[in-house]
Enquirer: 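Can you keep this structure in mind? I'll have questions shortly.
Fair warning: this is a prediction, and the values are worked out from it, not measured in the lab. Just so we're on the same page: letters track the sequence lines, and every chain starts at 1.
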Amino acid sequence: MTRKQWLLSGFVTFTCLASTLASTAAVSGPIENYAPVTAQRLENPEPANWMLYRRTYDGQGYSPLDQINTSNVKNLTPVWTFATGVVEGHEAPPIVNNGVMFVATPMGQVIALNAKTGDEYWRYKRQLPDDLFQLHPTSRGVGLWEDKLYLATTDDHVVALDAKTGKVVWDTKVQDYKKGQYMTLMPLIVDGKVIVGGSGGEFGVRGYVAAYDAKDGKELWRTYTIPGEGEPGHDTWQGEDWKNGGGSAWMTGNYDKDTKTIYWGVGNAAPWPGEMHPGDNLYTSSVLALDPNTGKIKTHHQYHQNDSWDWDEVEAPMLIDLQRDGRNIKSLVHPGRDAIFWILERTPTKINYVAGWPFVSTDVWKGIDAESGRPIVDPAHKPVVGKRVEFCPSLWGGKDWPSAAYSQKTGLVYVPANENFCGGFTGEKVPLKPGELWLGTKPEDIGLKTKPGADHFGELQAWDPATGKKVWQHNFPKSQLFGSVTATAGDLVFVGGTNDRNFRAFNAKSGELLWEQKTNSGIMGMPVSYEIDGTQYIAIQSGWGVDAQRIQDALVTNNIGIEANVPQGGVIWVFALKK
Amino acid sequence: MKSALATTACFACSTQVHAGEDAPGSDERPQKGDLLVFAEGDQEGKPVTAAALSAGGPPVHAWPKDPKTSVVRSASRLNEILIIRLDPAELDEQTKARAVDGILAYSAICSHAGCPVTAWVKSDVGDKEVLKCMCHNSEYDPRAGAQVVFGPAPRRLAALPLALADGSLSVAGNFVGKVGGAQPG
């Protein structure tokens, strides 16, 4: 053998070794025996799976699994972790379908993993444009239908991926990212339709909900959240305000499978001071009831009118069957950003106000009109142009987008709330420039203040929606609470959301803290539970950023002794009971 | 100016803008010899002169303009530039060497998530005013090469070398450093 031949031969051997190593180190796709997702499976998901944003169409965030429970949760231990390789806010629930996990992360990435072993099948990385700017660099998950996945991207496309290989099946542009239009939500899948809503209220967009054909990406309908000329509700706006009136719809809706109605939360009016867009401003800060086949608005309920506080109400209300006031109520339950815990009744033609009460302290509302459900505003705490106005709670509200949960076992609603935060700003008429923040105030004027003498900020609250009574509350003395809550049939409530990087489990009945685990970063994602081969798992993404970090910046500036450095970088954590 | 206005109009009216519809060169990065023109305000499209800059800030927003074709390079937002005039005595040695009469130019695109750097405000962590991105609170000190003093930004703003002749500013070389966010979206 000549030296050259030897070198060549060595090279070949090395590449073979490398490819062998690659195939043994990871399972590496394609995925075999993938279980296609059907309407029936989404309407009645197997207890072992988590295939929708909140597991079930009713948005309750409840897992019927109970192997992990109050008596053994102290033995919960990590079984595998996986680094996502990117920073910023990791907000998506790990989605699980028969042992396969799909995780969406910031930077337009989807990772498919063996949910039992943590081995990677495939990874999709979107090539995002260099000139993309991101106020909320995140993704809240992938929707499932048949053998495909659906990702809504920050450069405002909907992308279909082959679930088995991660290869792009279709890619449809929704709107123009250069104008500040983008998406961060997990698409809602209803009977072969991929339903999304747009972000960008801070950039003066007009919000919408739109549906795409899961097979080919063709747009089926688009319903603007702000009615155009000639449409019902248009008269709640003046002049041209509606064209840039906000009402973005950037969170996943819920779905009533019995009446075939989607319930979708709508964001605040833009720009912030209500004086700059007089009127009720339908359908901002509302919930819309939509027909999934046509996008037609069946009915609506506006939580509060003429928003002036950045209080969007984008988290869709939970669908809960309630026994209240001596009757059965098909309810919509929504702990609002506007600090009001809302109980509504859904009927085929109307949404009725049932009850509402403040779940954190607020100086904005004097009360709620018992007939109409309209909150009565105190003008002293409603921002205006040319004068600084202070209000409580802060811009981030009593509860922002992180989801509350409902346990079918305890009958309680668990709310990730924030207390003792107030805000304020001076309204200012600022011209709209495409692609720049358009808030109706100088961004540098926005404040988050803590109340003097406050002994805590974050609160995990447990409410009985049937009686309106608070059953228990856990306070976080040195942190906000900015993470979604999940309840399980093991009488447990799981939540991250604090700046000390902990993931916690509470007793769902008593509020006792039963278990905690320090993770790599802060958690603002959604806990999920699933089962494989008789073992129950809990999974969460840890990765701090976006608004949790913004609040943190304000906390650090105002308060000595608050954790200054919450490290960033995403990791998927999966836990099970120690054997 | 015409080109800049045309581009703005296209952003506002159409989702079907194709790169090919922009004037040739309008999305190319600033080049040596380019003039600098105001990106906004009453002076939009007019050359940025040393006399038009207030000592000690705030910065003005500018676009590069090809002097041969009169094309304003505003088709890419990555070309937006901040120009600021500071007291030369406040500048560190490296920054002073790049300044002309205390005038400095930086990319207006935050190195974190690519938002525009729009504010000139007192720092959260000191007494001096800083360039600030209001998307996620990153702060940059223009006296020290726009190094990061607060917030999640991983690196300084890219700097643009300047030349000053007869009171008018022009570009003296390519951006120093990477323009744009570290991790888009």
Enquirer: Which atoms of A/Lys442 come close to chain B, meaning under 4.5 Å heavy atom to heavy atom: side chain ones, backbone ones, both, or neither?
Expert: neither
Enquirer: Which answer fits A/Glu444, side chain, backbone, both or neither, if we ask what part of it has an atom under 4.5 Å from a heavy atom of chain B?
Expert: both
Enquirer: Kindly check if B/Cys115 and B/Cys135 bring their SG atoms closer than 2.5 angstrom.
Expert: yes
Enquirer: Given B/Ser123, which of B/Lys128, B/Glu139, B/Lys132 fulfils the side-chain hydrogen bond (donor to acceptor under 3.5 Å, both in side chains) condition?
Expert: B/Glu139
Enquirer: Is it the case that over 12 heavy atoms from other parts of the model lie below 6.0 angstrom from the NZ atom of B/Lys178?
Expert: yes
Enquirer: Given heavy-atom pairs under 4.5 angstrom as the criterion, report whether the side chain, backbone, both or neither of A/Leu437 touches chain B.
Expert: side chain
Enquirer: Compute the ring centroids of A/Trp272 and A/Phe425, then answer whether they are less than 6.0 Å apart.
Expert: yes
